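Here the structure is a predicted model, which means the values were calculated and not measured.
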Amino acid sequence: MPSAPSFISLGHLSFDVNVIDNGPPSSHIPGGAVAFSTLTAQKHGLATGAVTSVGEDYPVNLILEGIDVQVVESEHTASFANYYDSGERTQVLMASGNRISQAAVPSGWTTPDIVFVGPLLHELPTDCVNWFDAKLSCLIPSGWLRRWGHDGAISHADMLPPFRGKKWDVIAVSESEIELLPEQQLFDLGDIVCVTRGENGTSVWSNGEWIQIPAVKTEPVDFTGAGDIWATAFTIALSEGKSIEEAGRYAATAAAISIESIGLSGCPSREQVEARL
């Protein structure tokens with residue numbers, strides 16, 4: 001039998017339709033935090049798995065070739081329209097996938113080196129970190145902050161839903177997502193809190209103080225997934241013994257590479273990041 005993955009990612013796969021600076025809309029681009037994180041981890045040489053919910057229209061075997069994917073069947077694939085204006089994103093929800101329960105996680109997958117959780121909507125319960133005994137856990141809580149109405153326009157809540165159980169090792173959020181959120185909520189939830197600020201870099205909170213990580217200059221083509229890749233690269237670097245500052249520089253470089261290409265093609269390899277560094 002194949003060994004269990006050392007890097008496991010949970011959440012919806014998705015389609016993104018991007019409109020950048022009032023340009024024409026893109027086609028349905030495969031995405032989702034699960035896709036960006038697992039492909040980046042795979043390109044870093046990690047045995048990688050995913051637990052997701054997705055419709056039949058998403059080409060899982062083609063997009064995530066070589067990744068062990070456990071699928072909760074869904075009538076629809078989560079789909080977003082992303083409107084970018086000078087790097088700032090406005091989102092509209094077009095469709096949603098099904099919920100993901102603990103039963104979807106194979107019994108042999110509970111002790112990975114890294115568990116990466118990136119809900120896009122509210123497909124995972126907030127205590128899903130308790131499903132695993134991972135060496136390192138990373139959460140991108142974007143989906144638990146998203147709210148939407150009948151028109152699908154997405155806004156961000158001013159409170160996270162209630163959490164139970166152990167803290168996360170790493171939490172990564174964008175500045176715009178937590179604009180209304182009490183800072184202390186994040187500190188209570190994670191040991192290391194990373195707030196990405198686009199071209200203004202990233203602020204990382206650890207042991208009661210903030211560390212500033214500068215952004216890496218680049219020529220952006222597609223911003224989608226940059227935060228997911230930043231968090232993935234940061235967590236992988238931490239797992240390999242790098243300091244917060246070193247891991248932050250590594251993650252900033254990975255994110256810079258990612259936005260130079262469209263969609264999942266921008267997921268960087270270890271060799272690409274080290275060459276840019």
Exercise. Using a side-chain heavy atom cutoff under 4.5 Å and only I, L, V, M, F, W and Y, what cluster partners does I229 have?
Worked result: L13, F15, V34, F36, L39, V54, Y58, V60, I63, L64, I67, V69, V71, L264
Exercise. Excluding sequence neighbours, so at least two apart, what forms salt bridge (Lys or Arg N to Asp or Glu O under 4.0 Å) with K166?
Worked result: none
Exercise. Any sub-3.5 Å donor-acceptor pair from T52's side-chain atoms to G11's backbone N or O?
Worked result: yes
Exercise. Does S74 reach the main-chain N or O of G97 with its side chain, forming a donor-acceptor pair under 3.5 Å?
Worked result: no
Exercise. Does V17 sit in a hydrophobic cluster with other residues, and if so which ones, taking ILVMFWY side chains as linked at heavy-atom separations under 4.5 Å, directly or through other members?
Worked result: M94
Exercise. Sub-3.5 Å donor-acceptor pair from the side chain of T224 to the main-chain atoms of G263, do we have one?
Worked result: no
Seminar exercise, completed: Under a side-chain separation threshold of 4.5 Å, the hydrophobic residues clustered together with I262 are I29, V221
For this session: Tell me, with the steps shown, if V195 and W210 meet side chain to side chain contact (heavy atoms under 4.5 Å, CB included).
Result: CA-CA 10 Å; V195 181; W210 287 100; 4.1 Å; yes
Seminar exercise, completed: The salt bridge (Lys or Arg N to Asp or Glu O under 4.0 Å) partners of D133 (sequence neighbours excluded) come to none
Contacts table for residues 43-51: side-chain donor-acceptor under 3.5 angstrom, sequence neighbours left out:
from	atom 1	to	atom 2	distance (Å)
K43	NZ	C267	O	2.8
H44	ND1	T40	O	2.8
H44	NE2	Y250	OH	2.6
T48	OG1	L46	O	2.8

For this session: Check for a donor-acceptor pair, side chain of S14 on one end and backbone N or O of G32 on the other, with a separation under 3.5 Å.
Result: yes
For this session: Answer yes if the side chains of Q70 and D68 hold a donor-acceptor pair under 3.5 Å, and no otherwise.
Result: yes
Exercise. Is it true that a side-chain atom of Q185 and a backbone atom of P182 form a donor plus acceptor pair closer than 3.5 Å?
Worked result: no
Exercise. Which pairs, with at least one residue in residues 263-277 and sequence neighbours excluded, count as a salt bridge (Lys or Arg N to Asp or Glu O under 4.0 Å)?
Worked result: E240-R270, E260-R276
Problem set entry | Sidechain-backbone polar pair: T202 side chain, Q212 backbone, donor-acceptor under 3.5 Å | no
For this session: Could you note down all residue pairs passing ring-ring contact (aromatic ring centres under 6.0 Å, His included) where residues 258-277 supplies at least one of them, sequence neighbours left out?
Result: none
Seminar exercise, completed: The salt bridge (Lys or Arg N to Asp or Glu O under 4.0 Å) partners of R99 (sequence neighbours excluded) come to none
Problem set entry | Non-neighbouring partners of K135 that pass salt bridge (Lys or Arg N to Asp or Glu O under 4.0 Å), sequence neighbours left out | D113
Problem set entry | Any residue meeting side chain to side chain contact (heavy atoms under 4.5 Å, CB included) with Q272, in chain and number order, not counting sequence neighbours | I257, P268, S269
Distance-only donor-acceptor hits, side chain of residues 147-161, under 3.5 Å, sequence neighbours excluded:
from	atom 1	to	atom 2	distance (Å)
R147	NH1	H122	NE2	3.3
R147	NH1	W144	O	3.1
D151	OD1	A153	N	3.1

Exercise. For atom CZ of F163, is the number of surrounding heavy atoms from other residues, nucleotides or ligands below 6.0 Å larger than 12?
Worked result: yes
